[in-house]
Amino acid sequence: MDTDVVVVGAGPTGLLLAGDLATAGTRVTVLEKRPARLSNLTRAFVVHARSLEVLDARGLADELVATGQPVRSIRLFQRLTISLEDLPSRYPYVLVVPQYEVERLLRRRAQEAGAELRYDSEVVAPAQDDEGVTVTTADGPGLRARYLVGTDGARSTVRSAVGIPFPGQAVIRSMVLADVRLAREPADTLTVATADESLGFIAPFGDGWYRFIGWHGNRDVSEDEPVDLDEVRSIARATLGDDYGMTEPRFLSRFHSDERQAPTYRKGRVLLAGDAAHVHSPAGGLGMNTGMQDAANLGWKLAAALRLPAGSGAAVLDSYEAERHPVGRQVLRASGGILRAATSRGPVAKVASAIGVGIVSRAAPVRRRAAGFVSALGIAYPRPRGAHPLVGTRARDLPLEGGSRLAEALRQGRFVLVAPAGAPTPDLPATLGEVDPAERVLTRRADGGATALLVRPDGYVAAVQV
């Protein structure tokens with residue numbers, strides 16, 4: 001084998017996965033068809049609280065926050081404001097930051113951990129057998145690896161090569177995207193507004209640039225049709241009530257939005273993550289975040305599978321799809337629901353949308369659940385029958401003795417055993433994917449809690465002892 005794992009695609013999902021694998025001592029090679037200096041300026045731009053926690057557990061979050069703009073509320077349809085300030089996280093906001101900043105930090109971490117990154121490397125013919133996968137590129141001989149992970153986007157070559165379908169449909173066409181400067185600053189919030197069968201969204205980058213996404217229901221043109229600033233201004237005035245003096249566009253484009261999900265995330269020694277496994281509307285800004293959380297779930301499991309006997313390793317990899325596929329399905333439904341509420345037509349659809357928004361705006365528990373889902377803090381994985389209710393939930397960033405935090409203990413990429421202060425070391429059994437319990441990071445709570453927690457490398461609770 002030339003390497004243990006080949007990751008195809010050097011976006012945030014692939015880079016986070018490569019960094020996790022390399023940190024665990026796995027040989028990993030990343031293949032990316034883009035040139036190394038091609039910016040992802042026009043792609044994702046929102047990082048939610050749970051993704052910031054994932055980055056915090058890798059020592060990157062605070063540096064990323066310093067480059068972006070924290071926004072503490074989301075305003076939907078002129079009638080509903082969801083505050084994020086009460087989120088139970090060190091990051092009670094959404095961070096607006098260009099995708100290239102996320103990639104920069106994840107790329108640096110992956111390379112420092114020992115991952116090999118190859119740009120200008122287009123994969124053309126991956127093929128697997130019982131022992132491994134051979135990955136051929138357009139300009140060179142094939143690489144031989146134990147596993148292959150496709151993080152290569154909605155048009156995934158990896159997914160197509162192994163015959164995994166990608167059912168779904170286009171849900172909205174001819175959306176416009178623009179990065180602009182403004183003469184007048186809007187309110188410091190993420191705003192989604194609708195009017196006259198049009199949709200508008202605006203968010204600050206924090207450096208003087210703003211991202212605008214818009215759509216006019218009566219203008220369904222080809223994606224090749226050029227976009228000019230007058231069209232962007234017109235949609236902004238119709239939806240937001242003001243174009244804020246938009247000027248100096250650094251990027252203008254037109255695109256469509258699909259809703260698709262692969263029926264399986266694994267076929268033999270080939271796995272999918274991120275947009276290669278699921279795509280959906282931009283509503284909620286969930287795409288990049290869901291992909292990074294896929295990677296956080298998969299990385300430690302794939303590293304474990306490489307060290308475990310074949311049968312045990314397969315069970316660990318099966319748990320990746322079992323946990324993440326339902327999350328992908330929920331994200332498709334949620335983002336699609338937001339989009340349909342925003343673009344509903346006809347009197348019946350508009351009344352139903354208004355009623356739904358009214359119910360959410362008046363029901364605090366519903367708003368909290370919505371914030372928990374969008375931020376991904378409320379996402380939990382299935383737990384075995386009879387297990388403690390905390391099993392499968394996200395572990396809080398507990399304060400630890402010595403002034404550190406759980407997120408800092410997780411930076412070693414291993415299981416963390418959090419024991420009560422002064423109590424004997426808990427004897428919790430090995431759990432799924434834990435190769436050797438002797439490798440656990442043992443630490444002590446500083447909050448006076450009497451419960452012992454075994455926390456997985458991705459920050460979810462694996463076992464509890466009361």
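In this text, all values refer to a predicted model and were calculated from it rather than measured experimentally.
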Around atom [atom1] of [X], are there more than 12 heavy atoms from other residues, nucleotides or ligands closer than 6.0 Å?
X: D86; atom1: CG; result: no
X: R396; atom1: CZ; result: no
X: R181; atom1: CZ; result: yes

Flag the pair [X] and [Y] as a salt bridge only when some basic side-chain nitrogen lies within less than 4.0 angstrom of an acidic carboxylate oxygen.
X: R237; Y: D242; answer: no
X: D243; Y: R184; answer: yes
X: R90; Y: D397; answer: no
X: D275; Y: R260; answer: no
X: R50; Y: E53; answer: yes

Query - Ring centres under 6.0 angstrom apart (F45, F201) - result: yes
Query raised in the report: Residues in ring pair (Phe, Tyr, Trp, His ring centres under 6.0 Å) with F212, at least two apart?
Result: none
Query raised in the report: So R58 and E112, salt bridge (charged side-chain N to carboxylate O under 4.0 Å, His left out) or not? Walk me through it.
Result: CA-CA 12 Å; R58 288 150 182 81; E112 289 176 350; over 6 Å; no
Taking all atoms of both residues into account, what is the closest heavy-atom pair of [X] and [Y], and its distance?
X: A371; Y: S83; answer: CB-O, 4.5 Å
X: V96; Y: P204; answer: CG1-O, 2.8 Å
X: G299; Y: L21; answer: O-CD2, 3.5 Å
X: P12; Y: L106; answer: O-CD1, 3.5 Å

Could you state the interatomic distance from [atom1] ([X]) to [atom2] ([Y]), rounded to the nearest 0.5 Å?
X: E63; Y: D56; atom1: CD; atom2: CG; result: 12.5 Å
X: L453; Y: L406; atom1: CG; atom2: CG; result: 8.5 Å
X: Q69; Y: Y93; atom1: CD; atom2: OH; result: 10.5 Å
X: R118; Y: D120; atom1: CZ; atom2: CG; result: 12.5 Å

Distance-only side-chain donor-acceptor flag, [X] / [Y], under 3.5 Å:
X: K33; Y: S121; answer: no
X: T264; Y: E321; answer: yes
X: E323; Y: N297; answer: yes

Query raised in the report: Under the criterion side chain to side chain contact (heavy atoms under 4.5 Å, CB included), which of L298, V5, V30 is the partner of L17?
Result: L298
Report summary line: Test side chain to side chain contact (heavy atoms under 4.5 Å, CB included), reference L286, set H278, H280, Q330, output is H280
Query - Short side-chain to backbone donor-acceptor contact, Q293 and M288, under 3.5 Å - result: no
Requested in this report: Report yes or no: is the cationic atom of R269 (NZ for Lys, CZ for Arg) closer than 6.0 Å to the six-membered ring centre of Y147, at no more than 45° off its axis?
Outcome: yes
Requested in this report: Report yes or no: is the cationic atom of R250 (NZ for Lys, CZ for Arg) under 6.0 Å from the centre of the six-membered ring of F205, at an angle within 45° of the ring normal?
Outcome: yes
Requested in this report: Could you walk me through whether R333 and E259 pass salt bridge (charged side-chain N to carboxylate O under 4.0 Å, His left out), step by step?
Outcome: CA-CA 9 Å; R333 291 174 178 172; E259 286 182 356; over 6 Å; no
Requested in this report: Indicate the ring-plane relationship of Y320 and Y265, choosing parallel, tilted or perpendicular according to the 30° and 60° boundaries.
Outcome: tilted
